[in-house]
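Working notes for the structure below.
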Protein chains: 2
Amino acid sequence: MKRTASRAGQLIDVLPRPGEGADADRSAALATLETLGTAVRLRSGQKLVRPAEASDTTFIVKEGVFVSEALWPGLRSAVLALHYAGDALPLAALPQAAACAAVAATQAEVLRFSGTTSLPEGRQLVEYTLSSLLDQQARMALHIAMITTLDAGQRVASLLTEFALRLGRQNGRGVAFDVPLSRNGMADYLGLNADTLSRIVSGFKASGLVEQPGRHRFIIRDWKGFFALSPLNTSIDHLHRRVRA
Amino acid sequence: MKRTASRAGQLIDVLPRPGEGADADRSAALATLETLGTAVRLRSGQKLVRPAEASDTTFIVKEGVFVSEALWPGLRSAVLALHYAGDALPLAALPQAAACAAVAATQAEVLRFSGTTSLPEGRQLVEYTLSSLLDQQARMALHIAMITTLDAGQRVASLLTEFALRLGRQNGRGVAFDVPLSRNGMADYLGLNADTLSRIVSGFKASGLVEQPGRHRFIIRDWKGFFALSPLNTSIDHLHRRVRA
DNA sequence: CGCGGTCTTGATACTTCTCAAGTCGGGTGG
DNA sequence: CCACCCGACTTGAGAAGTATCAAGACCGCG
């Protein structure tokens, strides 16, 4: 089918090529910071928690996906933000009132910095953190926009688009990626009920836009069609696509 | 009535006293920054817009309330965040894809910084901005938690509590404040329909918790009762109350 | 291969949205 | 200073969308 080929052609423009663009910039900045911080490996599910007293500890994600979660008694849990490789995670950015933590959603590796801000070399960390927070703040703003302006189907499409742009690889069948969150985690991120989310994903599969070869694995078969599902997807593309045209 | 007196006693612990605590810290840090930036006065409704090309311009709010707004074609407008005196507003934190701006919600005054980050004195601005962004990121996280976990009534109660803590003054009748947003603005911030918001506020008035002497003026008559309406209010108190116990 | 937890799907109830009509408030001009 | 007028707000009835609950299916782990 000719259209498959043309879709594949577009995908080359859409998905990142390893080692290019922003990836390379990030690596350069990180290389100098690695001498200051200590590397830590985490398994999926391990948590970075803000201690009760004030803390200036900062982590930088080297690899993997993190989820900022909060749980207030009597409320369903909230997923506040997603963090990817390169993101700075200052524990001070977590609200302290509730059980709140950054949880590794996949196997992960981080750099740990503690008390380095006051050192002369600390300026590098401060500037890296600031730049990363600007980025993350824009993403949180978009997250808020998703939740306040979109209906359930558009929200789910937006999140899957984000995952595809961040984690996806193009193959013969489309754009494939492993979802780092459970159904419940995705629902909490989107402010939806998990049952509703399930129904919506089933709808995507029924319409042929998406395939699900395993519980955590997705393939977006029709990128253009899927991308059009959410009016915020062009903005999501700006913030999550790693190679600029 | 004795309970009125006891409520009033509690309010003294709850509301800020001018010139104390965090206010004083902020003033000290700002005093040194004022020589670097240029002061600008804004009228309600004026906008700070991110230019198309990358910009390192940063504003610091000296006075007034700002609203980060975004408008995507075909969607209802989104209110992404609220900014108060002391907040740093780097234009780079605004998503750039949509019509997006920080709008003065009241008469306001800001300090404008442009290209100062590279100067040796710029470190002060960088550190101030970083610290402010950490604060604002925690507030955005709470905003997301509000929208994803609370029902409509709890959301409205949370927002009014925030305004009371930020802008309120205790008087004989309760905690009084001027709402800096229109009904539509509040609804957009909360991800609610303006009609629904109106109904909920009417409910608060009917139950005697709240009074509304003018279109933009509110008085919370029963602080304890009102505070209990939202399970997130203790967290909101942590982030928005300016005097610690 | 079997078990446990996660996911799916249906029927139903409830919250919230939509649309429309009416009311209110406050700023403007006489 | 008062009356007018326009935009913002209020309120109702009905519709739409999403949540809830329960039963069953599936996947992946051991």
Side-chain angles (χ1 to χ4, degrees), chain A residues 43-45 67 74-79 105-107 146-160 178-207 210-219 229-230, chain B residues 43-45 67 74-79 105-107 146-160 178-207 210-219 229-230:
Chain A
R43 275 181 303 194
S44 173
V67 170
L75 296 176
R76 77 165 155 220
S77 65
V79 170
T106 64
Q107 187 173 323
M146 280 168 57
I147 297 168
T148 56
T149 68
L150 300 181
D151 66 32
Q154 294 170 325
R155 291 185 212 175
V156 177
S158 302
L159 179 56
L160 292 181
D178 286 316
V179 175
L181 270 63
S182 69
R183 244 344 95 94
N184 275 294
M186 288 173 61
D188 291 339
Y189 181 79
L190 298 172
L192 292 175
N193 181 287
D195 302 340
T196 302
L197 173 57
S198 204
R199 261 181 275 270
I200 288 166
V201 173
S202 298
F204 291 164
K205 289 191 278 189
S207 67
V210 159
E211 222 170 63
Q212 193 182 11
R215 196 145 273 185
H216 284 272
R217 185 135 192 104
F218 279 79
I219 301 174
L229 287 179
S230 160
Chain B
R43 276 182 302 193
S44 172
V67 170
L75 296 177
R76 75 166 157 218
S77 64
V79 170
T106 64
Q107 187 172 323
M146 280 167 58
I147 296 168
T148 56
T149 68
L150 300 182
D151 67 31
Q154 295 170 324
R155 291 185 211 175
V156 177
S158 301
L159 179 55
L160 292 180
D178 286 316
V179 175
L181 270 64
S182 69
R183 238 353 93 94
N184 276 292
M186 287 171 61
D188 291 339
Y189 181 78
L190 297 171
L192 292 175
N193 180 287
D195 302 339
T196 301
L197 173 57
S198 203
R199 263 181 275 269
I200 288 165
V201 172
S202 298
F204 290 163
K205 289 191 278 190
S207 67
V210 159
E211 224 168 64
Q212 193 182 11
R215 197 141 274 184
H216 284 271
R217 185 134 192 104
F218 279 80
I219 301 176
L229 287 178
S230 161

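No hydrogens, no waters, no symmetry mates; every other heavy atom, side chains included, goes into these values. A note on names: the letters A, B, ... follow the listed sequences, proteins ahead of strands, and every chain is numbered from 1. Computed from a prediction, not measured in an experiment: that's the story for all the values here.
Atom CZ of B/R199 and atom P of C/dA20 are 15 Å apart (whole Å). At whole-Å resolution of the value, CD in B/Q212 and C1' in C/dT23 are 14 Å apart. Residue B/R76 contributes atom CZ, which lies 10 Å from atom C1' of C/dT16 at whole-angstrom precision. Regarding A/D195, its CG atom lies at a distance of 13 Å from the C1' atom of C/dT12, rounded to whole Å. B/Q154 has its CD atom 12 Å from the P atom of C/dT15, to the nearest Å. Atom CG of A/N184 and atom C1' of C/dC7 are 9 Å apart (whole Å). Between the CG atom of B/D151 and the C1' atom of C/dC17 there is a distance of 15 Å, rounded to whole Å.
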Q | Bracket string, DNA chain D, 5' to 3' - pairs by Watson-Crick or G-U geometry under 3.5 Å, | interstrand | A | ||||||||||||||||||||||||||||||
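Annotation for B/D195 and B/N193: closest pair N-OD1, 2.7 Å, computed over non-hydrogen atoms. Heavy-atom minimum distance, B/S230 versus B/L150: OG-CD1, 3.8 Å. The two atoms that bring B/M146 and B/L190 nearest to each other are CE-CD2, 3.6 Å, heavy atoms only.
For B/T148, the side chain to side chain contact (heavy atoms under 4.5 Å, CB included) criterion is met by A/A78, A/I147, B/I144, not counting sequence neighbours. For B/E211, the side chain to side chain contact (heavy atoms under 4.5 Å, CB included) test picks out B/R173, B/I219, B/R221, with sequence neighbours left out. By the salt bridge (charged side-chain N to carboxylate O under 4.0 Å, His left out) test, B/D178 is found to be paired with B/R217, residues two or more places apart in sequence or in another chain being considered. With sequence neighbours excluded, the residues satisfying side chain to side chain contact (heavy atoms under 4.5 Å, CB included) with B/A187 are B/A194, B/L197. The side chain to side chain donor-acceptor pair (under 3.5 Å) search around A/T149 returns none, not counting sequence neighbours.
A distance of 11.5 Å separates NE2 of B/H216 from OG1 of B/T106, quoted to the nearest 0.5 Å.
Counting only residues at least two apart or on different chains, the side-chain hydrogen bond (donor to acceptor under 3.5 Å, both in side chains) pairs with a member in residues 180-189 of chain B are B/S77-B/D188.
Put simply, chain B comes within 4.0 Å of DNA chain D, heavy atom to any atom, from D/dG7 to D/dA13, going 5' to 3'.
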Using atom types as modelled, flag every donor-acceptor pair under 3.5 Å from a side chain in residues 198-206 of chain A to any protein atom, sequence neighbours excluded.
unit_1: A/S202; atom_1: OG; unit_2: A/S198; atom_2: O; d: 2.9
unit_1: A/K205; atom_1: NZ; unit_2: A/Q212; atom_2: OE1; d: 2.5

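Comparing C/dT16, C/dT18, C/dT9 against the side chain of A/S202 picks out C/dT9 as the nearest.
Sorted by residue number, the list of members of residues 185-193 of chain B with any non-hydrogen atom under 4.0 Å from DNA chain D is empty.
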Atom pairs under 3.5 Å, N or O on each side, protein against nucleotides 25-29 of chain C: can you list them with distances?
unit_1: C/dG25; atom_1: O4'; unit_2: B/R215; atom_2: NH2; d: 3.3
unit_1: C/dG26; atom_1: OP1; unit_2: B/R215; atom_2: N; d: 3.4

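Using a 4.0 Å cut-off, some side-chain N or O of B/T196 falls inside it from OP1 or OP2 of C/dC17.
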Q.
Assess the residue pair A/L229 and A/L160 against the criterion (side chain to side chain contact (heavy atoms under 4.5 Å, CB included)); give the C-alpha distance rounded to whole Å, side-chain angles, the decisive distance to 0.1 Å, and a yes or no.
A. CA-CA 11 Å; A/L229 287 179; A/L160 292 181; over 6 Å; no
